[in-house]
Amino acid sequence: MTEGVAVTPALEIEGVSLSFGGLRALTDVTFSVAEGSITSVIGPNGAGKTSLFNAISGFYKPDKGSIRFHGAAIDRLHAPERARLGLARTFQNIALFRGMTVLDNIKLGRHAHMRTGLIDALFYFGRARREEMALRAEVEQRIIDFLEIDHIRKASVAALPYGLRKRVELARALAMRPKILMLDEPVAGMNREETEDMARFILDVKEEWGTTILMVEHDMGMVMDISDHVVVLNFGQVIAQGLPAEVQRDSAVIDAYLGSGDVGDLRRRLTGAAA
Amino acid sequence: MSDLLFLVEVSLAGLGAGGLYALTGVAFVVIYKATRVVNLAIGELLMFGAYLFFGFSVGLALPTWQAILLALVGGGILGAVIERSVIRPMLGESAISVFMVTIGLGSILVGLVEVIWSPDPRRLPEFMPNAPIFIGDAYLSPKVGYGFLVAAAVIAAFLLVFRFWRGGVALRATATDQAAAYSVGINVPAVFSLAWVVGCVAATGAGILVGAIGGISSTMGVFGLSVLVVVIVGGLDSILGALLGGLLIGLLEALAGSYLGGEYKLLVTFGLLVAILMVRPYGLFGTTEIERL
Amino acid sequence: MRIGAARQTYAADEALFETTVQRAWFAGLLAALVAFPFMADAYWLYLACLVAINVASATGLNILTGYTGLVSLGQAAFMGIGAYTVAVLEIRFGTPFLLNLVAAGLLAAAGGILVGIPSLRVKGLYLAIATIAASFILHFVFANWTSVTNGVTGLSMPPARLFGVALDTSFRMYWLIVPVTVLMVMGAANLFRTRIGRAFIAIRDRDISAEVLGIPLLRYKLMSFALSSFYAGVAGGLWAYFFRVVTPESFPLVMSIFYLAAIIVGGMGTILGPILGAAFMTMVPEVLKLGVGWLSPWVPDAVALLSPVRTIVFGALIVGFLVFEPQGLAEIWRRVRRFFHLWPFKT
Amino acid sequence: MLVTRRTMLGLAMAAGAAMVAAPPAVAADDIVIGGSIPMTGVFAFAGVGIHAGIGDYVKIVNDAGGIKGRKIKYVYEDTGYKVDASVAAFQKLTSQEKPNFYYGDSTGFSKTINPELERNGNILMAGASFASELNDPQKYPYQFMAGPDYTAMFGVLLRYIQKTQPGAKVAFVHSDTEFGRDPIKPSTALAASLGLKVVETIVTPPGSVDVSTEVLKLRRADPDFTIFHGYVLAPIPEFITQARQMNMKSRFMGTFWSMDHSMVMKLGDVGEGFMGVMPYRYYYDTDPKAPMLAKIRQMRPEYQSTAYMQGFVTAMLFVEAAKRCVESGKELNGKNLKGCLNGIKDFDTGGLFGVPITVSGNSIPVGRVYRADMKAKTMVPVSDWIKAE
């Protein structure tokens, strides 16, 4: 639906290379994420997907290349500054803060957009109070209701089942008022039902909030179902990109999965998606 | 007396003391390498070892060599007991919790020593040759000199054991990768115990040497603070680092003490510590850890 | 949370005291704090003041160690900065005590930031060791910067004055120390209802992901250091006004360990923890003394065991709580409370 | 913050205990000596002796009928030699026993409690500290010490040195603590005025064990006399051992707290000839001018430390001050007691001090130099009683 619209892409990755010691994690990766789209990055294990996410969110510094956010280069910005611009993300292995309740975890997402200073905080007067109240109201109305997690808002995240934790992480990312929402394997380890729920939430976020989504995912069925654009990484290089249907037919993609031994898995998933 | 000779003598004394730092540092590193426990009680373990020796040699009036042997065995048992009773239950807890456990442990050891032997300062029986050592014209206190030799011998023995003995190999393997060591059939909990036993035996040995030089008291655990600097400077997981760090700190303290004054000793060592933390946080020979998301 | 306590507004849900019952308890506590000095003798007042000072300092350490996850063994040294600041200001300039206390806090905070700078590069344990270094270096400064600190002899200072009344007894100091401590505890409680407190906790739980979520690590770590040392500085200032002699040996490393023990025993990362912990740890030696007193008719030389037993108990409390009850007294208290709230329907 | 029942409970208990702990039955006219005594901790070796000394003298006075029929009561608490515990003990004892006298265990405590003493006004205090700073009747009007301050101790030693070897070279070795630094500056000046050369001042960090470099420094300075201060035992033995091995000719000296017989004997062979200053006679001194020692030996057949003597003499001065005030009908408050104490002229302590004493200010600046005789296992006097003023 966003193909062919002539606006500045939300995110442009241009010639990004990254290596650890002698090991090349990313080589000359180039693609862009169109405003309002769902773009998925797929590839076999170790293809560099999470490294790519880390480079985008500012945790790793690429050796070469540039990343532009709504047309402006963000290479020199540190991770927290990128977060403030509206680059929000979730983590592959769930990075919730175990010492906080669900509600506080979600509130934490808004951190960069709040102004409360240390003195305000100690006395909890004026701005601190107003900001916290406004945040609470917004979190309750826009996020907790939306993601259907009102029953656990006071629960400790450590006690939650896996699927719910993933949802809380999504909630926290939404609290960051994302312009681009980066989801690192949002449905990994979920059963069919949970996966469908999550897919629905992701689509809803795109529709209702107008948020651009960049996603890393293994579940081909879901990727093919909801993506507008798919990028395939292998050994740190982009080997194919395009519409889901185009990528599915790409011989380089099939070879990549063959080489990695995941071919049977891929077949199953591809046929599952086609069916 | 010429200034040069003085410098040489001071340096010798410093290196001699550094040998004891190195030995205690090795005790620390062995435990850290295998179990990732930063052991703040190392000074107190050393003190407890010295008191064990005192108890056997003076209290029970055993011959010196028997007392030393028994003290070392006692130190080893203490290590095993500590590992089983308080360190192992903390497995999987944050490193910081375990670190604080060792602080509490230090306090318990001090109290135990005071209950058993009273807090009065005491002297250990003389068991090292007492004839002054002269290296060229330079004087070296015999206790410091022989202490250094013993420390050097023990450290050398350690290195050999690590290289060739099965247990030493297991220890090194566990230090490198606990999960991998587990998967190749190494009994990781046993290695943990082993590390604590070995570490405590080494600390006991160091305690006997330190006590022989300066007498013993329940406050001699402050020795451990300098050792902490040694292992930070050398790198927490590097035996080589502990060796060189020990000699370096010993030398530095001696020079600072003689040319600036005794009150500058700790200032200089801790100043060096801060500098190292700023410039090379993982020490001269330590491994840098790669952070992962 | 009490059974059936449904709240109507978010504001009510975000309040420090969620129910009327809790508010009533708090009012009762305040009343007890006001009434206490009129009922207690000098000894109990002395202990109460000491407990309050320790609560203030432990609360500060709890912000850094309990909530931000950075272990510090320098809390006593920062108290030293505060105590010396107060003593120097009081002796040389005679400025009002509230101003002196704030200055004490600010100077200690500056010291804290300086010590916290290595947290840019090192974390956790290394940092703890850096704070040990800091406390030795500060001790050296206190002992040798003779023109300001009067060297090892230390400074003797006049009492604080309030409307011409010299606060020179435990009874009078109580009215300075306890309100300041209550304010400081409330401040900490407020802090953790806001974004800054949440950022601290996030850094403790997973500092790397906190950064990606928009929290500048160094800035918040330093802020935590500064705040914790500010608390230490003010507590040190109170300490100076209370004892009125400040020497380099007043703030040894074991005192820092005492505060660490207090928050471990009380419960790290809770507001209640340092209060319970500091009170408990301050009272333990006194209780042991009583115990030894009772034992002495039966156990010969029981008195001679007091000090070592105190040392052992101190260490055993640290180890015992970390191994068996890592959430500390605060968690035990929560369990007790839960039991009574549900009783007799459920046990 | 949550309000806790436990806090409430604690407060209730505290209040209750405070009421229970109200003054127990003290006979109204008892004269009370309170004490913060380090029965445990690093200073326990002294505290135990002090405690016994005070207790014994109080017993002697009470057995003899007290002061005009008024009994002496000695109450104490253990402090572990920690200032905060000492202050707690003081608060507890003063609020429950209303002591007239108080024994403090450290310089830190004496300084800390001074404002409280001045405010309280009812107590005269002495203690285990001989800190020069406390020897100031203006700053510490309600305190005194039962002997010379540390500077006066150095004075006694330096005067002895001047007499035996004029123009001798002297070195000071002291610990980096308040205790250790106390007499160094004024004593350096005094040595100069006595024509002695202070060739080296060595500071050792607290708790240091290996003193090799310090000994090297000492050898370079090559003093005739070396005075240790601020230690109890370590690192003195190692210092002397190494110095002997280097064939240094220096003689070694110590001050009060390292001069107890049992401490010096721990030096072993190298302690031969170790000297030091002591204001009191040793337990085994059978001089006919010291009948009190005979009495002590009768009460306690085994050796009693110099700390015992210190406690004993302190109690004696307490009682003497009280006696003089009672006899002249003065109210027993801090000011009067201090006045009565300062009225003491040429007082015979039963020979514990070798000479009759006069307490003009806050101290009794007298002492004698003793030398260790390791074969006979005794401390032998080598000088007359020297006044350090």
Side-chain angles (χ1 to χ4, degrees), chain C residues 16-17 22-29 32-33 35-36 39-48 50 143 151-154 156 158-159 168-170 185-186 188-189 243-245 247-250 271-272 275-276 279 283 285-286 289 292 303-310 329 333 336-337 340, chain D residues 1-8 10-12 14-19 21-23 37-42 44 48 51 77-85 87-96 107-108 111-116 118-120 131 133 139 176-182 206:
Chain C
L16 271 186
F17 306 108
Q22 283 179 349
R23 270 191 291 277
W25 275 111
F26 183 64
L29 174 73
L33 284 177
F36 179 74
M39 310 196 308
D41 65 4
Y43 169 66
W44 285 103
L45 272 170
Y46 166 82
L47 283 181
L50 204 59
V152 284
T153 314
S156 302
D168 57 357
T169 62
S170 294
V185 171
M186 299 282 281
F243 288 103
R244 284 166 52 202
V245 175
T247 74
E249 286 160 35
S250 307
I271 292 300
L272 192 59
I275 301 175
L276 294 180
M283 300 303 292
E286 299 300 315
K289 213 186 275 177
V292 165
V303 171
L305 291 177
L306 180 55
S307 182
V309 166
R310 196 158 48 194
L329 289 174
W333 171 243
V336 171
R337 231 164 40 115
F340 279 109
Chain D
M1 191 185 74
L2 294 176
V3 188
T4 71
R5 273 177 222 177
R6 177 167 301 190
T7 320
M8 290 294 292
L11 283 171
M19 313 221 171
I37 310 289
M39 299 296 287
T40 58
V42 291
V48 174
H51 172 65
E77 287 242 333
D78 173 44
T79 65
Y81 202 57
K82 296 199 169 73
V83 173
D84 50 351
V87 177
F90 179 89
Q91 299 286 4
K92 194 166 172 184
L93 292 175
T94 47
S95 58
Q96 293 172 7
T107 312
K111 282 160 65 174
T112 303
I113 212 68
N114 193 55
E116 179 65 17
E118 288 199 48
R119 200 191 54 74
N120 180 303
E133 195 194 350
K139 268 178 86 179
D176 188 17
T177 57
E178 176 172 19
F179 174 27
R181 285 178 185 242
D182 181 277

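Just so we're on the same page: letters track the sequence lines, and every chain starts at 1. Bear in mind that the values here come from a model prediction, so they are computed numbers and not experimental data.
No part of D/Thr94 comes within reach of chain C, as not one of its non-hydrogen atoms sits under 4.5 angstrom from that chain. With a threshold of 4.5 angstrom between heavy atoms, D/Asn114 does not approach chain C through any atom at all. With a threshold of 4.5 angstrom between heavy atoms, C/Val245 approaches chain D through side-chain atoms but not through N, CA, C or O. Heavy atoms closer than 4.5 Å to chain C are found nowhere in D/Ala44, neither backbone nor side chain.
Scanning all heavy atoms of the two residues, the minimum distance from D/Pro115 to C/Arg244 falls at CB-NH2, 3.1 Å. Of all heavy-atom pairs spanning C/Val152 and D/Thr177, the tightest one is CG1-C, 4.2 Å. Residues D/Gly80 and C/Ser307 come closest through the heavy atom pair CA-OG, 4.2 Å. The two atoms that bring C/Asp168 and D/Glu116 nearest to each other are O-OE1, 3.9 Å, heavy atoms only.
Remark: C/Ser170 pairs with no residue by the side chain to side chain donor-acceptor pair (under 3.5 Å) rule, at least two apart or across chains. Not counting sequence neighbours, the partners of D/Val87 by the side-chain contact (heavy atoms from CB on, under 4.5 Å) test are C/Tyr46, C/Phe243, D/Val83, D/Gln91, D/Phe109, D/Thr112, D/Ile113.
The CG atom of C/Leu47 sits 10.0 Å away from the CG atom of D/Asp84 when rounded to the nearest 0.5 Å.
With chain C as the partner, the residue from D/Arg181, D/Lys92, D/Arg119 showing the most heavy-atom pairs under 4.5 Å is D/Lys92. Taking D/Lys139, D/Lys82, D/Glu133 one by one and counting their heavy-atom pairs under 4.5 Å with chain C, the maximum is reached by D/Glu133.
Panel note: side chain D/Lys111, backbone C/Thr153; a donor-acceptor pair is recorded below 3.5 Å. Within the 3.5 Å criterion, the main-chain N or O of D/Glu178 finds a donor-acceptor partner in the side chain of C/Glu249.
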Go through C/Asp41 and D/Gln96 one step at a time and tell me if the side-chain contact (heavy atoms from CB on, under 4.5 Å) criterion holds.
-> CA-CA 9 Å; C/Asp41 65 4; D/Gln96 293 172 7; 4.1 Å; yes
